[in-house]
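Presented below is the structure to which this report refers.
Lettering follows sequence order; numbering is per chain, from 1.
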There are 2 protein chains.
Amino acid sequence: MAAARERRPTIADVARLAGVSPSAVSFALNGRPGLAEATKSRILAAAAELGWRPSRPAQALSRGRAGALGLVLSRETDAIGADPFFPAFIAGVESVLSPRGDSLVLHVTNPADEAAAYHRLAADRRVDGVLLTDMRVDDPRPELTTGLGLPAVVVGDPGCADGLCAVSLDDKPAFATAVARLAELGHRRIAHVAGPREFHHSRRRQESWEQAVRAAGLTPGPVLPGGFTADGGAAATRQLMALGVGERPTAIVFANDLSATAGLAVAHRLGLSVPEDLSVVGYDDTPLAAYTHPPLASARADALGWGAAAARALDEVIARGRADDVELAPARLLPRASMGPAPDPARAAPSGPGSTAVRPQRQPEHEQAAEPAPEPTVRREP
Amino acid sequence: MAAARERRPTIADVARLAGVSPSAVSFALNGRPGLAEATKSRILAAAAELGWRPSRPAQALSRGRAGALGLVLSRETDAIGADPFFPAFIAGVESVLSPRGDSLVLHVTNPADEAAAYHRLAADRRVDGVLLTDMRVDDPRPELTTGLGLPAVVVGDPGCADGLCAVSLDDKPAFATAVARLAELGHRRIAHVAGPREFHHSRRRQESWEQAVRAAGLTPGPVLPGGFTADGGAAATRQLMALGVGERPTAIVFANDLSATAGLAVAHRLGLSVPEDLSVVGYDDTPLAAYTHPPLASARADALGWGAAAARALDEVIARGRADDVELAPARLLPRASMGPAPDPARAAPSGPGSTAVRPQRQPEHEQAAEPAPEPTVRREP
DNA sequence: TCAGTTGTTTAAACCGCTTTAACAGCGGCG
DNA sequence: CGCCGCTGTTAAAGCGGTTTAAACAACTGA
């Protein structure tokens with residue numbers, strides 16, 4: 001079975017077949033001018049005949065560029081799985097890399113080894129630059145990569161880019177819309193179940209929620225940590241629902257779908273109906289969001305476009321040393337049936353559990369985004 | 001700020017600093033014998049002082065090995081996100097690669113470009129071998145990679161390896177356990193919502209289910225396609241629940257959690273209680289499974305270990321030309337509350353929704369999960 | 001006829017490492 | 001003393017491309 005591992009053709013083989021020198025082959029391949037058209041096509045034909053493609057390691061060595069971008073994921077292993085962001089993001093990166101024949105080098109580490117991973121990537125010359133995702137508050141990586149001379153782009157807002165090029169996507173409008181809508185529906189006590197404190201985007205989402213609540217003339221309800229996890233979301237929900245009737249929120253805005261879905265389940269288990277007794281909003285628009293019970297209102301960000309934009313920006317940083325910040329169209333709220341009118345305070349029984357009646361859903365599904373999407377804009381750096 | 005992109009140290013710089021020749025540095029680095037202990041440590045000290053690490057492209061070129069493994073994902077973009085398998089699998093691969101300083105090259109393609117991606121990977125010499133996942137029935141890739149002389153390992157059972165080394169993890173026991181348990185609980189009509197027909201593991205899961213049902217002395221209930229998606233799972237569940245009372249299953253074994261969770265939501269929307277009216281089993285143990293309402297019985301496979309085992313096997317194939325098949329510990333069922341005793345046939349409602357028997361399934365529009373629910377017909381007695 | 005172009009092609013150096021083969025230095029052996 | 005076999009070290013030849021500078025034809029115009 002083991003196919004005789006024949007020697008793969010090299011540039012010399014192609015040159016010989018075409019009756020030219022190796023340099024000519026290189027010129028033809030790279031579209032350099034100064035080669036007769038006839039010669040060029042003869043060379044390309046020879047290359048095709050042999051099925052030759054230049055060896056990437058050899059190219060990388062002589063060009064001094066690896067032809068690859070790096071992505072280091074340092075989440076805890078089990079936290080990666082639940083998030084639909086990365087697969088789509090990576091696909092977006094690929095859509096830029098693939099046509100050029102470049103590739104993506106992925107490293108999964110635990111947080112403790114993160115810095116070492118970047119050091120290695122830089123010293124190795126295995127990649128030409130890296131994408132920094134999951135930015136944390138006071139994230140050391142912008143300084144680290146700058147110090148290492150490793151080109152990098154921040155996938156997140158400029159506030160955490162520390163001078164690096166930032167490719168961002170605003171989640172504020174989605175939270176603003178969600179909260180505004182809830183306020184319209186009569187909710188007066190809107191809680192937030194936040195993501196991990198260390199993530200920049202967790203904080204941003206919390207701020208967005210808070211701002212929106214204040215903008216609606218309300219007092220921000222309680223904020224509980226949900227850690228972006230199902231466990232956290234469930235625990236937070238239980239805590240919130242255990243509050244006295246005067247403090248218990250009638251709506252919860254979760255930092256992501258995973259915690260929101262778990263919250264939904266907890267609500268059911270407590271005998272609460274959503275959205276009759278409690279409105280719930282998530283973030284991420286996981287594939288399941290439209291299929292929870294009831295369908296979970298959530299916000300969708302264009303992860304694919306984000307990946308592509310980040311890859312392009314990194315390209316530019318690598319080539320020109322710097323690139324302008326990019327701001328993508330903001331995430332858009334998908335208002336699904338988990339948002340509904342606030343329960344009538346008069347009817348609100350002080351006891352949550354008890355009314356186990358199954359109420360049919362009447363809420364029609366709106367799939368349109370609540371807001372028209374602005375065009376992506378390129379912001380000049382000051 | 002753009003750090004002055006100084007020239008990175010090369011092996012020559014280290015050699016100069018240590019007062020030896022470049023070859024000596026290479027020897028020291030690679031632990032070659034025949035170098036005086038004192039010299040060796042002097043060299044390593046010099047290397048550390050300069051922060052030098054060998055250039056991977058240069059190493060790859062001279063060693064003739066890229067020092068990287070490849071993984072090509074050719075799922076449809078949106079189908080990748082929901083699956084917790086890949087992130088964990090990749091982390092497992094990394095756990096083997098990382099200590100050696102090797103890395104994983106990831107390519108995301110659409111199915112149409114899949115073959116081209118492997119061709120490129122092989123001709124490029126960018127990777128030393130590839131991991132084949134998501135095996136399809138009559139998958140062309142084993143033959144393709146063999147023909148290309150590209151070392152490969154199949155992540156899936158030997159039946160689809162076509163002579164290649166297979167690293168498999170049996171899902172049969174999990175299905176067998178689930179079905180046996182359901183039978184014990186009194187279920188007599190157990191349906192299956194299958195994954196895409198083209199995937200080898202979809203078929204295997206279906207076979208496992210069927211075998212188990214027969215082993216319990218029952219007649220396999222209806223099988224519907226669920227496509228591993230929420231849409232598909234929801235549609236299939238609606239169809240099953242619309243069956244006449246004589247045919248309607250009391251338990252559904254889904255091919256994965258995504259479709260199962262959607263099925264759960266549909267059941268609720270139809271006014272059915274789980275597990276009182278219907279038992280549901282998934283597969284994958286997504287992070288949410290324990291937090292659906294009710295918690296979803298599911299099966300957990302060790303994706304991390306699978307990735308590590310696959311990477312090790314591929315290493316061996318690369319080094320020795322072949323490796324023995326590996327069989328990992330089978331997936332285990334996590335019996336959660338979504339499995340319960342079969343409903344008492346005496347109390348079951350006499351007919352399905354409306355009086356129409358099986359309604360041709362309206363193609364579920366992508367987001368239209370919350371289609372107006374038919375009047376609940378099977379209602380739990382108070 | 002010859003220097004000066006212009007347009008094509010190639011020799012040769014180089015990228016940074018590995019590896020083979022050769023080379024010093026040295027104590028022991030005959 | 002000269003030769004041998006060691007040990008420790010290095011020169012030099014790749015690996016497979018890219019790139020610079022020079023060589024070479026074929027044409028100019030003077």
Side-chain angles (χ1 to χ4, degrees), chain A residues 5-44 46-47 50-68 101-102 122-128, chain B residues 5-44 46-47 50-68 101-102 122-128:
Chain A
R5 195 82 63 86
E6 338 98 51
R7 197 178 59 79
R8 266 158 232 262
T10 74
I11 199 172
D13 299 316
V14 177
R16 208 169 304 124
L17 180 59
V20 295
S21 73
S23 337
V25 177
S26 175
F27 280 26
L29 185 77
N30 298 308
R32 283 293 197 72
L35 206 53
E37 205 51 50
T39 316
K40 181 172 173 180
S41 52
R42 185 156 38 94
I43 292 174
L44 293 180
L50 295 178
W52 174 79
R53 294 178 121 279
S55 145
R56 299 299 296 207
Q59 272 190 330
L61 181 59
S62 65
R63 297 221 260 236
R65 294 199 311 102
D102 286 353
D124 266 5
R125 301 202 135 313
R126 195 197 298 266
V127 300
D128 300 315
Chain B
R5 196 84 61 87
E6 338 99 50
R7 198 178 59 80
R8 266 157 232 263
T10 74
I11 198 172
D13 299 316
V14 177
R16 209 170 303 125
L17 179 59
V20 295
S21 74
S23 337
V25 177
S26 175
F27 280 23
L29 184 77
N30 298 308
R32 284 294 196 76
L35 207 53
E37 207 50 50
T39 315
K40 181 172 172 179
S41 53
R42 185 157 37 95
I43 292 174
L44 293 181
L50 295 179
W52 174 79
R53 295 179 119 279
S55 144
R56 299 297 296 205
Q59 272 189 330
L61 182 58
S62 65
R63 299 221 259 236
R65 294 199 310 104
D102 286 353
D124 267 3
R125 301 198 134 313
R126 193 197 300 265
V127 301
D128 299 316

At under 4.0 Å between heavy atoms, what does A:Leu61 touch on the DNA or RNA strands: base, sugar-phosphate, or nothing?
-> base
Between P of C:dG16 and CD of A:Gln59, the distance in whole Å = 16 Å
Which of the following nucleotides, D:dG17, C:dT8, D:dT19, is nearest to the side chain of A:Trp52?
-> D:dG17
C:dA11 base to A:Ser23 side chain: any donor-acceptor pair below 3.5 Å?
-> yes
How long is the line joining CG of A:Asn30 and P of D:dG17, in whole Å?
-> 11 Å
Expressed in angstrom and rounded to an integer, what is the separation of A:Leu29 atom CG from D:dT19 atom P?
-> 11 Å
Calculate the interatomic distance between A:Arg32 atom CZ and D:dT18 atom P; express it in whole Å.
-> 9 Å
Nearest to side-chain heavy atoms of B:Thr39, which nucleotide of D:dT20, D:dT9, C:dC17 = D:dT9
To the nearest angstrom, how far is B:Asp124 atom CG from D:dC15 atom C1'?
-> 16 Å
Using a cut-off of 4.0 Å on non-hydrogen atoms, how would the nucleic acid contact of A:Val20 be classed: base, sugar-phosphate, or nothing?
-> sugar-phosphate
d(CD1, B:Ile43; C1', D:dT10) in whole Å = 11 Å
Can you check the A:Ile11 CD1 to D:dG14 P distance for me, whole Å?
-> 18 Å
Which part of the nucleic acid, if any, lies within reach of B:Ser55 when heavy atoms closer than 4.0 Å are counted: base, sugar-phosphate only, or nothing?
-> sugar-phosphate
Nearest-nucleotide check on DNA chain D, A:Arg53 vs B:Gly19; residue mapping nearer the 5' end is B:Gly19
Using modelled atom types only, decide if a donor and an acceptor are shared between the side chain of B:Arg42 and the backbone of B:Ala18 within a distance under 3.5 Å.
-> yes
Could you work out which one of C:dT10, D:dG16, C:dT19 sits closest to the side chain of A:Thr10?
-> D:dG16
Residue B:Ser62, side-chain heavy atoms: nucleotide from D:dT10, C:dT20, D:dC15 that is nearest = D:dC15
Nearest-neighbour nucleotide for the A:Phe27 side chain, D:dG16, D:dT19, D:dC15 considered | D:dT19
With A:Arg125, the side-chain contact (heavy atoms from CB on, under 4.5 Å) member among B:Gln59, B:Arg8, B:Arg53 | B:Arg8
In whole angstroms, how far is the P atom of D:dG14 from the CZ atom of A:Arg7?
-> 14 Å
For the pair A:Thr39 (side chain) and A:Leu35 (backbone), establish whether a donor and an acceptor sit closer than 3.5 Å, ignoring hydrogens and angles.
-> no
Give the nucleotide from the list D:dG17, C:dG16, C:dT18 with an atom nearest to the side chain of A:Ala58.
-> D:dG17
